[in-house]
Protein chains: 2
Amino acid sequence: MRGEPLDAETIVSATEEVLRRHGPEKTTVLDVARLLGVSHGSVYRHFPSKAALREAVIRRWLDRVREDLVAAVQDAELTPPDRLRGLLTSMFAVKWAKAREDPELFATFRVLAAEHSTESRSHLAFLLDQIRAVVADGVAGGDFEPCDPEATARAVYNASTRFLDPRHAPEWQSPEIEAEAASVISLILDGMRAR
Amino acid sequence: MRGEPLDAETIVSATEEVLRRHGPEKTTVLDVARLLGVSHGSVYRHFPSKAALREAVIRRWLDRVREDLVAAVQDAELTPPDRLRGLLTSMFAVKWAKAREDPELFATFRVLAAEHSTESRSHLAFLLDQIRAVVADGVAGGDFEPCDPEATARAVYNASTRFLDPRHAPEWQSPEIEAEAASVISLILDGMRAR
DNA sequence: TTGATGACAGATTTCAATAATTGTCATCTG
DNA sequence: CAGATGACAATTATTGAAATCTGTCATCAA
């Protein structure tokens with residue numbers, strides 16, 4: 001019924017657009033099909049359920065957050081402490097930027113993320129792994145106190161919860177948030193540095 | 001219409017009871033009056049609005065949390081680092097206990113606290129002050145690195161968000177939470193200890 | 001006089017009927 | 001045949017009329 005062939009990617013983009021316009025509660029498969037000019041049956045050819053479609057949307061969103069993060073981290077010839085500071089600062093900045101540029105859309109993705117814990121968990125695993133790698137480097141090179149990098153990475157992440165967890169997004173509007181984050185990062189780094 | 005005189009305290013207790021039974025969405029002033037065997041007009045003699053009544057409930061609840069915390073902190077002759085560890089551990093334990101013993105009631109109070117930010121803020125100020133006092137002691141006695149106790153207390157609190165903020169209560173069910181909290185506390189203390 | 005009452009207006013919530021959505025699938029089209 | 005369609009049953013959301021609640025206040029009782 002249309003010129004271009006309908007594929008999953010196109011459907012995901014259309015879904016994102018509908019989500020942007022109507023929010024997570026009011027987007028229906030029918031809306032998505034309408035935007036694409038196809039019947040809703042065609043959408044079900046590519047996704048087995050509405051939940052699967054929403055999951056594809058959140059997966060792509062999280063993929064892009066990871067891309068942004070990788071782009072933001074300049075893996076220069078810095079020492080591990082400086083690299084860890086840079087990594088955390090970038091993690092915060094990437095999330096804060098997303099949350100600030102379009103708070104409603106961010107809230108929408110937060111709902112989707114809460115719905116699909118598998119995707120959220122694998123995103124968390126990625127973040128932890130980024131931290132763990134820098135910690136391991138620092139321990140190996142003697143910049144950090146000896147420790148289990150896995151456990152320490154988790155502690156660092158946990159201490160950063162306020163600056164990373166979307167549930168705290170409202171607080172990210174405050175102008176003080178940058179100073180508070182810097183203060184926590186310094187506290188963490190001081191705790192890890194070799195004596 | 002009743003033997004005992006109706007006072008604000010009695011009304012607050014009855015409101016707590018109704019909240020416990022019906023949850024925050026479904027408790028009405030009429031329910032409270034019914035439980036007390038008075039007309040709802042009598043409730044309005046003591047509280048100008050339903051919001052004011054709910055605020056009184058959350059104030060008393062937070063008062064009691066503070067009492068529990070003060071009781072839990074043994075101000076023994078410990079060094080400031082050990083006292084800070086004990087303080088944070090107690091703060092976590094008190095909140096976790098409340099959340100675990102009756103999750104629905106805890107969720108109810110969370111709703112009330114979100115409604116009345118003034119009360120929440122003054123509760124936060126209390127917690128920060130407890131931390132600040134120990135930090136100041138430690139800095140004065142040379143146990144901690146020199147720092148601004150006010151700012152450091154805030155950093156310590158921010159790093160503890162995951163273990164203190166009611167929005168994270170679901171995670172407090174996990175058996176790993178104690179180990180994770182201990183790990184973050186150690187990270188924080190290592191960062192503060194004098195070198 | 002102090003404190004309780006219940007009628008009342010306006011706002012909010014409930015509930016059942018109505019409409020829309022989800023997911024399936026037999027059918028159609030190129 | 002690959003891919004799209006829309007009728008359909010089951011589920012979920014919307015709607016609007018009726019019920020309930022909030023907050024006020026004139027009235028009453030002790």
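Per chain, numbering begins at 1; letters A, B, ... match sequence-line order.
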Does the salt bridge (Lys or Arg N to Asp or Glu O under 4.0 Å) test come out yes or no for A:Glu150 and A:Arg154, once each step is laid out?
CA-CA 6 Å; A:Glu150 185 78 30; A:Arg154 180 162 278 277; over 6 Å; no
Which residue lies toward the 5' end of DNA chain D, A:Glu25 or A:His46, if each is placed at its nearest nucleotide?
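By nearest-heavy-atom nucleotide position, the 5'-most residue is A:His46.
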Within this structure, what is the [atom1]-to-[atom2] distance between [X] and [N], rounded to whole angstrom?
X	N	atom1	atom2	answer
A:Arg34	D:dT5	CZ	P	14 Å
B:Arg54	D:dG23	CZ	P	11 Å
B:Asp7	C:dA4	CG	C1'	15 Å
B:His22	D:dC21	NE2	C1'	14 Å

Contact list (N/O, under 3.5 angstrom) for nucleotides 22-27 of chain C vs protein:
unit_1, atom_1, unit_2, atom_2, d
C:dT22, OP1, A:Val29, N, 3.1
C:dT22, OP1, A:Lys50, NZ, 3.0
C:dT22, OP2, A:Val29, N, 3.0
C:dT22, OP2, A:Leu30, N, 3.4
C:dG23, OP2, A:Tyr44, OH, 2.9
C:dG23, OP2, A:Lys50, N, 2.6
C:dG23, N7, A:His40, NE2, 3.3
C:dG23, O6, A:His40, NE2, 2.9

Any A:Asp143 side-chain heavy atom under 4.5 Å of A:Arg193 side chain:
no
With a 4.5 Å heavy-atom cut-off, do B:Val156 and B:Met192 have their side chains touching?
yes
Please state whether the phosphate of C:dG6, meaning OP1 or OP2, lies under 4.0 angstrom from any side-chain nitrogen or oxygen of B:Ser39.
no
Show your working on salt bridge (Lys or Arg N to Asp or Glu O under 4.0 Å) between B:Glu17 and B:Arg34 and close with a plain yes or no.
CA-CA 12 Å; B:Glu17 181 59 24; B:Arg34 221 149 20 221; over 6 Å; no
Do A:Arg59 and A:Ser122 have side-chain N/O donor and acceptor atoms under 3.5 Å apart?
no
Aromatic contact, A:His168 with B:His168 (centres under 6.0 Å):
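A:His168 vs B:His168: aromatic centres under 6.0 Å.
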